[in-house]
Amino acid sequence: MRALIIGGSGFLGAELIRQTRAAGHTTAATYATKPGDASQAEWYPLDLRDAGRLDAVMAEVRPDLVINTASRKDDWAATAEGPIRVAMAAATHGSRLVHVSSDAVFSGTRVHYDETFLPDPVTPYGAAKAAAETGVLAVYPKAAVARTSLIIGQGRSVHERVVHELASGTRDGALFTDDIRCPVHVTDLAAALVELASCDAAGIHHLAGSDAVSRHELGILIARRDGLDASRLPEGLRANSTLLGALDVRLDSRATQQNLRTTLRGARQFLHPTGVTAQLVPAT
């Protein structure tokens, strides 16, 4: 089968390219500014705000599977309207579509969210992601929308880089003890997305890790794995800051997990040096 990874030059996109190729799919990918490894995929420049260019890429690639990881923060045209164009194109070409969304669609008022809860975003980015979800499923009901959380890798994610910079003193700031999410490892997330793209799954799915941890606890886990001095990580309260956004959002992925072969590990497991669940005080 032919797979198209939209946003292939990003962190998650690169892992999706690796895994779709490993699964035997012929893989094409798009980029906004710079292509990735030319040996791994056929690369196409694409701005999701350009409907004509999107149609041209779809017509040339003719993908069986499309996974859309692209977004541009709170740029409404790219983050909200772009995925709807992707869904319309996928429907026209009869391609399976998985659109990647975010826990930013929730306010945190309820803390625990399964797939049945309606979005109630409190930031422009969250509003754009929520609008994209609604639009994608409206124009292409056979599509799957996968909400996820903080994506972690083997030192390659923005979250891990921040921890290293804070620990070395090259970055100012703090890791919040009241900002809680359910981080997921990029390899687990990519494998789950490929599973969803390869079957008839439709509608909303949650793909987050099984552990709820604060940004500060996440930082400690990363520091311990990487041999850093965790005591150098400054801590603070997001509630005392001027940053917008929800404090505590925990995606409940159990319903989706029941239908997956891929295990969505928790951060205390995948960040432990031995792969054993780390024993830290859990978020309550």
Non-hydrogen atoms of Ile84 and Ala132 that approach each other most closely: CG1-O, 4.4 Å

Smallest separation among heavy atoms of Val194 and Gln19, with atom names: CG2-CB, 4.5 Å

Stepwise salt bridge (charged side-chain N to carboxylate O under 4.0 Å, His left out) test for Arg265 and Asp188: CA-CA 7 Å; Arg265 295 169 294 165; Asp188 298 347; 2.9 Å; yes

Worked check of salt bridge (charged side-chain N to carboxylate O under 4.0 Å, His left out) between Arg161 and Glu165: CA-CA 6 Å; Arg161 291 197 299 271; Glu165 291 167 2; 5.5 Å; no

Closest approach of Pro63 to Val66 (non-hydrogen atoms, all atoms of both residues): CG-CG2, 3.6 Å

Closest contact, heavy atoms only, Met58 versus Ser95: CE-OG, 3.9 Å

Ring geometry between His185 and Phe270 (parallel below 30°, tilted from 30 to 60°, perpendicular above 60°): perpendicular

Salt-bridge present (Asp252, Arg250; N to O < 4.0 Å): no

Donor + acceptor pair across side chains of Thr27, Gln40 (<3.5 Å): no

Value rounded to 0.5 Å, distance of NZ in Lys142 from CG in Leu137: 14.0 Å

Side-chain donor or acceptor of Glu160 paired with backbone N/O of Gly153 under 3.5 Å: yes

Under 3.5 Å donor-acceptor, Arg181 side chain and Leu247 backbone: yes

Side-chain donor-acceptor contact under 3.5 Å, Asp114 with His206: no

Pairwise side-chain contact, Leu48 with Val86, heavy-atom cut-off 4.5 Å (strictly under): yes

Trp76 side-chain N/O to Pro124 backbone N/O, donor-acceptor pair under 3.5 Å: no

Donor-acceptor under 3.5 Å (Thr30 side chain, Gly7 main chain): yes

Whether Asp211 side chain and Ala267 backbone form a donor-acceptor pair below 3.5 Å: yes

pair Asp120-Ser107: side-chain heavy atoms closer than 4.5 Å: yes

Inter-residue atom distance Thr256.OG1 - Leu260.CG, 0.5 Å rounding: 6.5 Å

Leu207, Val145, Ile204, Asn68 screened by side chain to side chain contact (heavy atoms under 4.5 Å, CB included) with Ser101, the one that passes: Val145

Shortest non-hydrogen contact from Ala144 toward Arg96: CB-NH2, 4.4 Å

From OG (Ser102) to CG (Leu150), nearest 0.5 Å: 8.5 Å

Cluster link Val98 to Val136, ILVMFWY, side chain under 4.5 Å: no

Candidates Glu115, His99, His205, Glu133 - the one meeting side chain to side chain donor-acceptor pair (under 3.5 Å) with Arg147: Glu133

From CA spacing to verdict: side-chain contact (heavy atoms from CB on, under 4.5 Å), Arg156, Phe11: CA-CA 8 Å; Arg156 295 175 291 124; Phe11 176 48; 3.5 Å; yes

Donor-acceptor under 3.5 Å (Asp178 side chain, Arg238 main chain): yes

Donor-acceptor contact present, side-chain Thr79 to main-chain Arg72, <3.5 Å: yes

Residue pair Ile6 / Ile67, side-chain heavy-atom distance below 4.5 Å: no

Residue pair Phe176, Asn240: steps toward the side-chain contact (heavy atoms from CB on, under 4.5 Å) verdict: CA-CA 10 Å; Phe176 298 127; Asn240 293 337; over 6 Å; no

Donor-acceptor pair, side chain of Arg268 and main chain of Ala212, under 3.5 angstrom: yes

Pair Asp47-Arg53, side-chain contact (heavy atoms from CB on, under 4.5 Å): steps then yes or no: CA-CA 8 Å; Asp47 184 331; Arg53 176 60 185 161; over 6 Å; no

CD1 on Ile17 to OG on Ser39, rounded to 0.5 Å: 10.0 Å

same_hphob_cluster(Leu271, Val184) at 4.5 Å side-chain heavy-atom cutoff: no

Flag, side chain of Thr134 to backbone of Ala130, donor-acceptor distance under 3.5 Å: yes

Rounded distance [0.5 Å steps], CD1 in Ile222 versus NE2 in His164: 7.5 Å

Same apolar cluster (I L V M F W Y, side chains within < 4.5 Å links), Phe117/Val122: no

Arg215 bridged to Glu235 by N-O distance under 4.0 Å: no

Taking every non-hydrogen atom, the tightest pair across Ala77 and Glu81: O-CB, 3.4 Å

Short side-chain to backbone donor-acceptor contact, Gln257 and Thr262, under 3.5 Å: yes

Short side-chain donor-acceptor distance under 3.5 Å, Ser214 and His216: no

Shared hydrophobic cluster for Leu228 and Leu175 (ILVMFWY, side-chain gaps under 4.5 Å): yes

same_hphob_cluster(Val162, Val186) at 4.5 Å side-chain heavy-atom cutoff: no

Rounded distance [0.5 Å steps], CG in Leu4 versus OG1 in Thr26: 12.5 Å

